[in-house]
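Structure record follows, encoded as structure tokens.
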Amino acid sequence: MKETIKVPSLPNEKLSSERNLEQVESQLMELFSVSEDGTQTEIEARITAIAQSFLHTKNVSTDIELDSIVEKFTDSKIPVEPSDVGDYIDYLTESVVAHSIHTSSPRYIGHMTSALPHFVLPLGKLIAAMNQNVVKVETSKAFSPCERQALAMMHRLIYKFSDDFYHQHIQESESTLGAIATGGTLANITAMWCARNASLGSKDDFTGVENEGLPAALNFYGYKEAVIIGSTLMHYSFEKAAGMMGIGDRNLIKIPVDRNHRIDLLALRRTVAECRARNQLIIAIVGIAGCTDSGAVDPLLEMAEIAQNANVHFHVDAAWGGPVLFSKQHQHKLAGIEKADSVTIDGHKQMYLPMGIGMVFFRNPQMANVIEKTARYTVRKGSIDLGKRTLEGSRPGNSLFLQAALNIIGHQGYEFLIDSGIQKTQYMANLICLRPEFELLVEPEINILLYRYIPEPWRQKVAKGELTEADQQSINQFNELLQNAQRQAGHTFVSRTTLDTTCYGKGKSIVALRAVLANPLTTESDIDAVLDDQIATAAKLPVLTGYDQLARSVANDD
Ligand SMILES: *Cc1c(COP(=O)(O)O)cnc(C)c1O
């Protein structure tokens with residue numbers, strides 16, 4: 001019957017949109033269906049091939065200007081119809097993958113991101129497939145105790161407490177040995193949040209800073225202001241923490257460092273006394289174990305003692321340097337870290353895990369109770385819901401990477417990785433000292449090297465220690481150009497920073513080339529190649545003496 005009814009007024013558009021809807025439905029259902037026979041789909045095979053070819057590329061990047069890549073991403077309209085996954089992958093390969101940085105390249109030795117062990121790729125696929133949300137047990141079950149176990153292993157590496165201690169706390173819902181965050185930034189912020197709440201807690205009829213706010217808390221305890229103290233080389237995540245906690249950036253007190261980039265202890269002691277005299281609450285003293293610029297480690301033992309005497313929370317930012325604890329030969333450099341109230345370590349740096357694994361550890365398993373939040377429908381009191389005492393809410397099961405690495409790589413494996421990174425740094429430092437083209441600027445403590453290129457006209461003066469301020473400026477300009485040119489060519493890479501404290505003393509701004517030797521794939525001949533590339537690149541650059549020239553040449557740079 002239906003077919004016989006004529007509906008002449010029905011617009012064609014509607015007919016086509018109905019057909020379209022059916023098509024959308026079938027496409028969508030296909031997107032959500034799982035292949036039953038377990039074989040790899042064509043798409044999966046292609047992605048695997050793309051990843052393999054990406055990982056095998058030795059060059060650091062293409063020499064295409066970033067501006068022309070930016071132009072490819074200026075359309076803000078959401079595509080209307082679903083499209084074929086294969087077509088999208090073609091687009092992705094061409095526009096994104098081709099112009100991404102080969103952070104695993106053995107000649108990419110400028111940042112803290114490097115090669116990953118191969119098991120993280122299939123594991124990543126499993127984590128995505130399982131899509132656990134570790135905010136609560138109801139969406140993660142086994143992942144929650146598994147994460148707690150991995151964190152306890154790392155806690156033990158730092159604090160070395162007894163079997164009894166770990167037996168008691170490892171799965172005790174009221175204890176928090178550590179927490180995972182997406183990175184060192186959030187781990188540091190979490191630590192500062194705990195320190196603030198612990199130092200301005202509830203007392204008598206005052207319910208604590210978390211509930212009543214900072215002004216009321218300072219008022220109740222009779223403080224004028226609250227501060228955080230660390231060295232000038234503190235990571236900028238502490239500025240974020242100070243801003244968010246409402247103490248203000250300017251109350252992040254930065255103590256000068258010595259020429260080896262370690263905090264000046266005399267100045268620290270003086271500042272602590274001054275803060276007390278000024279009636280300022282010191283929320284935390286921050287020590288750095290492996291500072292981002294140079295890898296330097298603060299004198300943690302002495303700092304711990306200063307903090308203890310002042311009854312102040314001591315936090316160690318070991319985002320970079322923490323895993324040095326795996327090395328029998330080098331762990332003494334971090335002596336005192338075990339006295340810290342809290343410690344940050346990044347899994348995605350020297351633990352060779354994918355991005356998104358920051359960790360904060362607490363000496364006192366009850367410390368994190370001061371940031372506890374619960375919700376009635378989820379994240380319940382008394383449960384081991386991990387979201388109770390973390391800054392983040394929904395979170396992926398990334399701790400599985402950590403758990404896997406601790407099992408597969410093991411203590412000895414990490415020790416080997418740390419030791420060989422430091423050994424390669426010594427190799428490169430020696431080359432820099434031997435080659436007249438280069439100058440070492442700071443003695444490396446672990447595996448970050450700061451050096452610079454000295455153009456020929458200044459080499460004599462450098463040797464005699466006769467560089468003037470103007471000479472320094474010209475050399476600075478040359479090194480900026482050199483690093484830009486090297487990055488643009490894309491064969492090798494080191495990063496660049498500006499230092500206030502070097503072998504030239506304090507207060508002189510020196511542009512430095514920065515090498516981070518952490519990639520297990522980097523060999524001595526790769527290090528030779530990076531320095532040779534710099535010498536060859538430098539030979540093609542004009543030796544500049546005027547600031548105007550420089551301003552013109554780097555006008556479009558970052
Ligand atoms: C990398 C780093 C951080 C920040 O960590 P993210 O993972 O980038 O958020 C903090 N402190 C130090 C010393 C670092 O090296």
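One-based numbering, in listed order, for ligands and for the atoms of each.
- Of all the atoms in ligand 1, the ones that sit under 4.0 Å from a non-hydrogen atom of Ala319 are 2 (C), 3 (C), 10 (C), 11 (N), 12 (C), 14 (C).
- With distances taken over non-hydrogen atoms, the option nearest atom 15 (O) of ligand 1 out of His111, Lys349, Met234 is Lys349.
- Relative ring orientation between Phe326 and Tyr414 is described as parallel, the plane-to-plane angle staying below 30° on a 0-90° scale split at 30° and 60°.
- Heavy atoms of His348 come nearer than 4.0 angstrom to ligand 1 in at least one pair.
- Under a 4.0 Å criterion applied to the non-hydrogen atoms of Gly290, ligand 1 contributes the atoms 13 (C).
- Tyr236 and Asp249 form no side-chain donor-acceptor contact under 3.5 Å, judged by distance and modelled atom types alone.
- Compare Leu186, Asp317, Leu233, Asp293 by their heavy atoms: the one nearest to atom 12 (C) of ligand 1 is in Asp317.
- Inspection of the Trp193 and Asn188 side chains reveals no N or O donor paired with an N or O acceptor under 3.5 Å.
- Interface of Trp320 with ligand 1, defined as ligand atoms under 4.0 Å from a residue heavy atom, comprises 15 (O).
- The protein non-hydrogen atom at the shortest distance from atom 10 (C) of ligand 1 is His235 CG, 3.2 Å.
- For Asp341, the side-chain contact (heavy atoms from CB on, under 4.5 Å) partners at least two apart in sequence or on another chain are His313, Phe314.
- Only the side chain of Asn188 comes within 4.0 Å of ligand 1, counting heavy atoms alone; its backbone N, CA, C and O stay farther away.
- Ring geometry for His111 against Tyr108 counts as tilted: the plane angle lies between 30° and 60°, on a 0 to 90° scale.
- Near Met112, the atoms of ligand 1 lying under 4.0 angstrom from a non-hydrogen atom of the residue are 15 (O).
- Remark: the Gln350 side chain and the Asn447 side chain contain an N/O donor-acceptor pair separated by less than 3.5 Å.
- Atoms of ligand 1 found under 4.0 Å from any heavy atom of Asp346, numbered from 1 in the order shown, are 1 (C), 5 (O), 6 (P), 7 (O).
- Thr62 and His99 are linked by a side-chain donor-acceptor pair at a separation below 3.5 angstrom, with hydrogens and angles left out of the test.
- At a 3.5 angstrom cut-off on N or O pairs, Gly184 counts as close to ligand 1.
- If you look at Thr185 next to ligand 1, the close heavy atoms, those under 4.0 Å, come from the backbone and the side chain alike.
- Evaluation of the salt bridge (Lys or Arg N to Asp or Glu O under 4.0 Å) test over residues 283-294, restricted to residues two or more places apart or in two chains, returns none.
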